[in-house]
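Below: the structure, in structure tokens.
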Amino acid sequence: MIIDILSLFPHYFTGPFDESIIKRAKENGLAEIRLTDIRDFSENRHRKVDDRPYGGGPGMVMMAEPVVNAIRHVKTSEAHVVYLSPQGKVLTAAKSRQLSKEKHLILLCGHYEGIDQRILDLEVDEEISIGDYVLTNGCLAAIVLVDAVLRFVPGVLGHEHAADEDSFENGILDCPHYTRPEVFEGLAVPTVLLGGNHKEIANWRKDQALKKTMNTRPDLLKFIIKD
Ligand code: 4HQ
């Protein structure tokens, strides 16, 4: 998968993408992440990329010309262009899995108050939000999206089915996990997990996951009627 990230701060990404699982995915050729500085596409002699909003109001708006030029520079016939913003549909595990099937993703990170609407009208396929809060810029949202999507690319997680057993895959939250020691500061590991009865363990985990979901995210249970 090729991921092009267009932003005003390409250095934002060097830390997160050069550690751990994403680093390994890049080394193994499963993901190629390319960073583009939108300012390189400004045709203004001051490398200006933003201007005041028509109609007035606070802040600055990213101009159509440099952003559209940057997108067109990296765009291929198979590219899927995503703009990260609070106005988008909220990212879910299902959407992340769907995006993981794309051959070429272009992620556009906005800064300031946002971008000229005509960029969306002309070049953007989909607007996605990572949650109902406002960030200082879209780079952080792009990092989250890349991480959530790459987990679903076959081979990125060491153990091939790890992504299928996570939170949200059954529409509910994950169960509690334990590792050694058996007792920590007086708290013992539930005995069912020590017994080796796989059927019993599976039932316990499902029960725990349901209880946890009922308590913290009852909204997730509204639509699931399942064994
Ligand atoms: N921003 N999910 C405003 C976000 C955001 C979000 C990115 C701040 C875009 C212009 N992006 N800029 N929430 O808050 O994706």
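All ligand and atom numbering here is 1-based and tracks the order in the structure.
Residue Gly138 has at least one heavy-atom neighbour below 4.0 Å for each of these atoms of ligand 1: 7 (C). If you number the atoms of ligand 1 from 1 as listed, the ones under 4.0 Å from a heavy atom of Gly131 come out as 13 (N). Short contacts between ligand 1 and Tyr83, defined as distances under 4.0 Å to a heavy atom of the residue, involve ligand atoms 10 (C).
Once rounded to the nearest 0.5 Å, the distance linking CE of Met1 with NZ of Lys101 reads 10.5 Å. Cys139 contributes atom SG, which lies 8.0 Å from atom CD1 of Ile5 (distance to the nearest 0.5 angstrom). With rounding to the nearest 0.5 Å, the separation of CZ in Arg72 from NZ in Lys75 is 7.5 Å. One finds the NZ atom of Lys103 at 4.5 Å from the CD atom of Glu78 (value rounded to the nearest 0.5 Å).
Residue-to-ligand polar distances keep Tyr112 apart from ligand 1: every N/O pair is separated by 3.5 Å or more. Any N or O atom pair closer than 3.5 Å counts here, and Val134 shares no such pair with ligand 1. In terms of N/O distances under 3.5 Å, ligand 1 is approached by Leu135.
The shortest heavy-atom contact between Val82 and Val124 is C-CG1, 4.5 Å. For the residue pair Asp125 and Ala79, the shortest heavy atom distance occurs at OD2-O, 3.8 Å.
Protein heavy atom closest to atom 1 (N) of ligand 1, with residue, atom name and distance, is Pro86 CD, 3.7 Å. Of the protein's non-hydrogen atoms, Gly110 O, 4.0 Å is the one closest to atom 12 (N) of ligand 1. Counting only heavy atoms of the protein, atom 9 (C) of ligand 1 lies nearest to Leu84 O, 3.5 Å. Residue, atom and distance of the protein heavy atom nearest to atom 13 (N) of ligand 1 are Tyr133 O, 2.9 Å.
Proximity annotation for atom 2 (N) of ligand 1: of Val82, Leu108, Ile130, Asn137, Ile130 comes nearest, heavy atoms only.
Proximity of Ala141 to ligand 1, defined as any heavy-atom pair under 4.0 Å, is confined to the side chain (atoms from C-beta onward).
Of the charged side-chain nitrogens involved, none lies within less than 4.0 Å of a carboxylate oxygen, so that Glu32 and Lys26 do not count as a salt-bridged pair.
Within 6.0 Å of CZ on Arg118 lie no more than 12 heavy atoms contributed by other residues, nucleotides or ligands.
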